[in-house]
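Everything quoted here is computed from the prediction, not taken from an experiment.
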Amino acid sequence: MREILTPADLTKAADGDVKVLWAGQGLTNGSRAWYAGDAVAVVAPELNRHDRIVVGGPVDDAAALVRDVLAVVGPAYRPFGDEELVRGLVERIPELNLRATFGWMQTEESPVETVTAWWLADDAGVAELLEEASPTSYAWPGGRGVLRWAGIADEDVEPGRLLSVAADACSAPEVGFLAGVATLPAARGRGLSRQVCAFVTAELVKRHGRAALMVDKSNEAAIGLYRKLGYSYHPVGAAQL
C-alpha cells in the first residue's frame with residue numbers, strides 16, 4: 001500500500017465517495033490515507049465518536065488494504081463504508097465482525113424553507129436539551145469536531161429556552177456534517193427539527209458544497225424528514241475486530 005499525502009490526491013483516490021472525503025478531514029485532525037489497487041482507506045481518529053477506517057473500492061482490493069492498515073493503526077479502528085463492501089470485508093477477513101448497519105445520507109441541494117433557526121452565540125442550554133431529548137446523541141457541546149450549534153428557542157412560555165438544536169460537527173472541507181439533532185418532547189410535532197435541519201443543511205451546502213449525516217435505518221420519521229430536505233439514503237456498515 002502507498003500513503004496519500006495531499007488532499008488533492010485523496011480527492012482523486014476517493015473517486016466521488018463522499019464518505020472517504022469526509023473521513024479525510026482535509027488530512028488534518030490526525031487523519032491519514034492509503035491506497036492499494038483501486039481501493040482507498042482513510043484512518044480518522046475519534047471521527048463522530050469512533051476511531052474509523054473509512055474504505056472504498058472493489059472488495060478484494062479493499063480487504064487486502066484494510067488488513068495492512070489495521071496492522072499499522074491497531075485493532076481499535078472500525079472499518080466503515082458501503083454496507084455491501086463492509087459485509088464483503090467481514091467475509092474475507094475472519095477476525096472482523098459486523099458491528100452495525102445504518103444509513104448515510106447526503107445532499108448537494110440547499111433546502112428552500114422558511115425557518116426561524118439561527119446559529120447560537122454559544123452552547124448554553126444545549127447539553128440540558130440533549131440530556132432530556134437525545135441522551136445518546138453523538139454530538140455534545142465541547143465534543144471533538146463539534147464546531148457550532150443552531151437552534152430555535154421558546155419565544156412564549158420560557159423565552160430563551162432552547163426547543164430544538166442541531167450541530168455542525170466533524171465537517172470536512174469537501175462535506176459538511178449534520179449531527180446532534182434533538183427537539184424537546186413537549187415541542188415535537190411543530191416542525192422545529194425540520195426548520196433547524198433545513199437551516200444547518202443550507203449553511204453546510206453553502207460552505208462545503210454538500211452536506212451529510214448518519215441515521216438509524218429504523219428511524220423512518222427522521223429518514224423521511226431528511227429526504228424532504230433533499231438528502232439521498234445510502235446503506236452503510238461498520239465492522240470491528
Could you tell me which residues satisfy side-chain hydrogen bond (donor to acceptor under 3.5 Å, both in side chains) with E203, sequence neighbours excluded, listed by chain and number? W119, K206

With sequence neighbours excluded, what pairs up with Y231 under the side-chain hydrogen bond (donor to acceptor under 3.5 Å, both in side chains) test? T201

Summary of ring-ring contact (aromatic ring centres under 6.0 Å, His included) pairs that have at least one residue in residues 10-34, sequence neighbours excluded: W22-W104, W22-F177

Show me the pairs that pass ring-ring contact (aromatic ring centres under 6.0 Å, His included) and involve residues 123-155, at least two apart or across chains. H50-Y138

Does the side chain of Y226 come within less than 4.5 Å of V181's, by heavy atoms? yes

Mark yes or no for whether S31, through its side chain, and A23, through its backbone, hold a donor-acceptor pair below 3.5 Å. yes

Backbone N or O of L130 within a donor-acceptor pair of the S134 side chain at under 3.5 Å? no

Restricting to pairs with a member in residues 55-72, which pass side-chain hydrogen bond (donor to acceptor under 3.5 Å, both in side chains), not counting sequence neighbours? D60-R92

Given T101, which partner from the list K217, E83, R87 fulfils the side-chain hydrogen bond (donor to acceptor under 3.5 Å, both in side chains) test? K217

What closest approach, in Å, do V66 and V55 show between heavy atoms, and which atom pair accounts for it? CG2-CG2, 4.0 Å

Joint cluster assignment, M1 & V43, ILVMFWY side-chain distance < 4.5 Å: yes

side-chain contact (heavy atoms from CB on, under 4.5 Å) assessment of I53 paired with R78: CA-CA 6 Å; I53 302 173; R78 299 181 176 187; over 6 Å; no

Intermediate values then yes/no, side-chain contact (heavy atoms from CB on, under 4.5 Å), E174 and R210: CA-CA 7 Å; E174 306 90 347; R210 57 175 70 90; 3.9 Å; yes

For the backbone of A172 and the side chain of H208, can you confirm whether one donor and one acceptor N or O come within less than 3.5 Å of each other? yes

OG1 of T107 to CG of L178, rounded to nearest 0.5 Å, is 11.5 Å

Nearest atoms (heavy-atom pairs only) where T116 meets Q195: N-OE1, 2.7 Å

Quick one, L27 with L5, criterion side-chain contact (heavy atoms from CB on, under 4.5 Å). Give me CA distance, side-chain angles, the key distance, then yes/no. CA-CA 8 Å; L27 295 182; L5 300 177; 5.8 Å; no

Between P79 and L89, the two heavy atoms sitting closest are CB-CD1, 4.3 Å

A13 and I4: which non-hydrogen atoms are nearest, and at how many Å? CB-CD1, 3.7 Å

Examine distances only and state if a side-chain atom of R49 and a backbone atom of S137 form a donor-acceptor pair shorter than 3.5 Å. yes

Could you report the tightest heavy-atom contact between A41 and L65, atom names first, then the distance? N-CD2, 3.5 Å

Just to verify, what does E109 make a side-chain hydrogen bond (donor to acceptor under 3.5 Å, both in side chains) with, not counting sequence neighbours? none

All heavy atoms of A124 vs all of L162, minimum pair found to be O-CD1, 3.6 Å

Near E220 CD, under 6.0 Å, is it more than 12 heavy atoms from other residues, nucleotides or ligands? no

From S171 atom OG to R148 atom CZ, the distance as rounded to the nearest 0.5 Å: 8.0 Å

